[in-house]
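Heads up: numbering here begins at 1 and tracks the sequence. Computed from a predicted model, the values in this text were never measured in an experiment.
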Amino acid sequence: MADADIHFYFDPVCPFCWMTSKWVRTVQAQRGYRVDWRFISLRLVNATVDYEAQFPPEYEAGHTAGLRLLRVAARARAEHGRDSVALLYTALGSRIFDREPVPDTAAHHGYRGTREFVEPILAEVGLPSQLADALDDDCRDEEIRAETDEALALTGKDVGTPILHFEPPDGIAFFGPVISRLPDEEQALVLWDHVVGLARFPGFAELKRSLRELPQLRALGMSNDEVGVQEDWHGGSRRQKR
């Protein structure tokens with residue numbers, strides 16, 4: 001999307017990415033921004049990581065499912081246009097995160113990368129079920145890897161998802177912001193203006209705390225009026241301390 005105001009790089013299985021995307025959509029609705037939803041794969045970002053040694057046990061299955069879903073999104077974009085990615089990500093995120101809690105197991109996280117999971121979502125947004133064939137099409141990985149590299153080239157590699165690029169191609173880019181609570185419409189604009197204001201300063205690099213609340217997502221057992229317990233995401237992730 002050549003005239004997009006925001007490039008939003010997402011992995012569909014990241015809960016913090018989903019929270020940020022809902023905030024961006026709230027801002028988009030009020031400011032009239034055009035958003036191009038692009039790909040960044042946590043599985044490819046962590047391609048050289050020993051998952052068994054460094055991550056909780058369900059992460060490899062979850063990140064792999066995310067890559068498989070991005071393959072479907074890449075095919076949808078190729079065959080049905082860039083707007084189809086926005087529809088698909090919204091439906092995927094809602095199905096994954098805005099639902100009642102399910103067992104936090106590798107089998108469940110891996111299920112998100114199956115035809116059984118994806119085909120009803122494709123039908124929901126009016127896309128053909130044949131797009132699910134892309135789940136196993138690793139030829140799509142080259143495109144997803146190139147977009148992942150594009151995102152990391154904007155911010156550096158020691159980041160996660162999402163990555164936002166405002167006023168591309170020459171505007172500012174940043175990782176996050178990582179938020180655990182969804183702001184209302186007024187708060188959303190205040191947060192946006194502050195984040196962009198900080199990022200516009202050429203010498204600004206980082207404002208961070210590793211303590212994070214569990215996001216206010218139904219799938220994680222949180223309602224919109226609950227404050228989640230804090231976890232220490234040292235190093236920007238839930239990698240295990242060694």
Side-chain angles (χ1 to χ4, degrees), residues 1-28 31 33-49 51 54-55 59 62-63 66-67 69-70 73-74 77 82 85-86 89 93 141-180 183 188 190-213 215 231-239:
M1 190 183 298
D3 55 350
D5 301 292
I6 302 167
H7 290 170
F8 190 111
Y9 296 85
F10 73 93
D11 187 305
V13 301
C14 176
F16 288 105
C17 188
W18 177 241
M19 286 294 292
T20 303
S21 77
K22 295 206 288 187
W23 164 64
V24 166
R25 287 190 179 95
T26 302
V27 173
Q28 178 186 17
R31 293 279 173 88
Y33 292 143
R34 298 193 67 191
V35 181
D36 187 22
W37 302 90
R38 300 191 173 204
F39 311 141
I40 178 170
S41 166
L42 290 169
R43 189 64 184 86
L44 296 180
V45 168
N46 293 292
T48 61
V49 170
Y51 271 84
Q54 297 197 43
F55 280 113
Y59 265 49
H63 288 179
L67 174 57
L69 293 174
L70 287 175
R77 184 170 68 182
R82 305 188 81 88
V85 179
Y89 180 35
D141 294 1
E142 182 177 352
E143 175 185 358
I144 297 166
R145 183 176 289 105
E147 217 144 283
T148 297
D149 291 344
E150 174 183 290
L152 296 177
L154 295 167
T155 60
K157 295 183 178 181
D158 188 24
V159 297
T161 58
I163 290 175
L164 275 68
H165 190 185
F166 184 51
E167 298 177 342
D170 300 320
I172 55 174
F174 46 86
F175 159 56
V178 176
I179 58 174
S180 59
V190 172
L191 178 60
W192 176 263
D193 289 337
H194 284 317
V195 168
V196 171
L198 283 171
R200 283 192 191 280
F201 177 64
F204 180 77
E206 186 174 37
L207 180 67
K208 183 177 180 179
R209 56 187 171 199
S210 64
L211 292 176
R212 300 184 186 179
E213 298 168 353
E231 299 176 325
D232 187 1
W233 283 57
H234 52 278
S237 73
R238 288 182 64 200
R239 291 190 183 183

Exercise. Just do the ring-ring contact (aromatic ring centres under 6.0 Å, His included) check on Y33 and F166 with the steps written out, would you?
Key: CA-CA 10 Å; Y33 292 143; F166 184 51; 5.5 Å; yes
Self-check item: Full working for side chain to side chain contact (heavy atoms under 4.5 Å, CB included) between T161 and F16
Solution: CA-CA 8 Å; T161 58; F16 288 105; over 6 Å; no
Quiz item: Passes side chain to side chain contact (heavy atoms under 4.5 Å, CB included), L154 versus I172? Steps please.
Solution: CA-CA 8 Å; L154 295 167; I172 55 174; over 6 Å; no
Practice problem: Carefully, step by step, assess Y9 and E147 under the rule side chain to side chain contact (heavy atoms under 4.5 Å, CB included). | Solution: CA-CA 8 Å; Y9 296 85; E147 217 144 283; 4.0 Å; yes
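Atom CD1 of I144 sits about 5.0 Å away from atom CG of L67, to the nearest 0.5 Å. Note: C17 SG to I40 CD1 = 8.5 Å, rounded to the nearest 0.5 Å.
With contacts defined as side-chain heavy-atom distances shorter than 4.5 Å, the pair I163/L152 qualifies. In this structure, the side chains of V195 and F174 come closer than 4.5 Å at one or more pairs of heavy atoms. Within the 4.5 Å cutoff, the side chain of H194 has heavy atoms near those of the V190 side chain. Side-chain contact between L70 and P12 is present, with at least one heavy-atom pair separated by less than 4.5 Å. Considering only heavy atoms from C-beta on, C14 comes within 4.5 Å of L42 through its side chain. Within the 4.5 Å cutoff, the side chain of D193 has heavy atoms near those of the R31 side chain. Put simply, the side chain of Y59 does not reach to within 4.5 Å of the side chain of N46, judged on heavy atoms. Here the side chains of F39 and E150 are not in contact, with every heavy-atom distance at 4.5 Å or above.
Here the side chain of T20 pairs a donor or acceptor atom with the backbone of P177 at under 3.5 angstrom. Of the possible donor and acceptor atoms, one in the side chain of H165 sits under 3.5 Å from a partner among the backbone N and O of G171.
We find that D36 and R34 are not joined by a salt bridge, their nearest charged nitrogen and carboxylate oxygen being 4.0 Å or further apart.
The minimum heavy-atom distance linking P183 with L191 is given by the pair CG-CD2, 4.5 Å. What you find for A188 and V27 is that their closest heavy atoms are O-CG2, 3.6 Å. P15 approaches P215 most closely through the heavy-atom pair CB-CG, 4.5 Å.
Among Y89, W23, F8, the one residue that satisfies the ring pair (Phe, Tyr, Trp, His ring centres under 6.0 Å) test with W18 is Y89.
Using the six-membered ring where Trp is involved, H63 and Y51 have ring planes that are perpendicular, over 60° apart on the 30 and 60° scheme.
Annotation: cation-pi geometry not satisfied between R25 and W192 (NZ/CZ under 6.0 angstrom from ring centroid, within 45° of ring axis).
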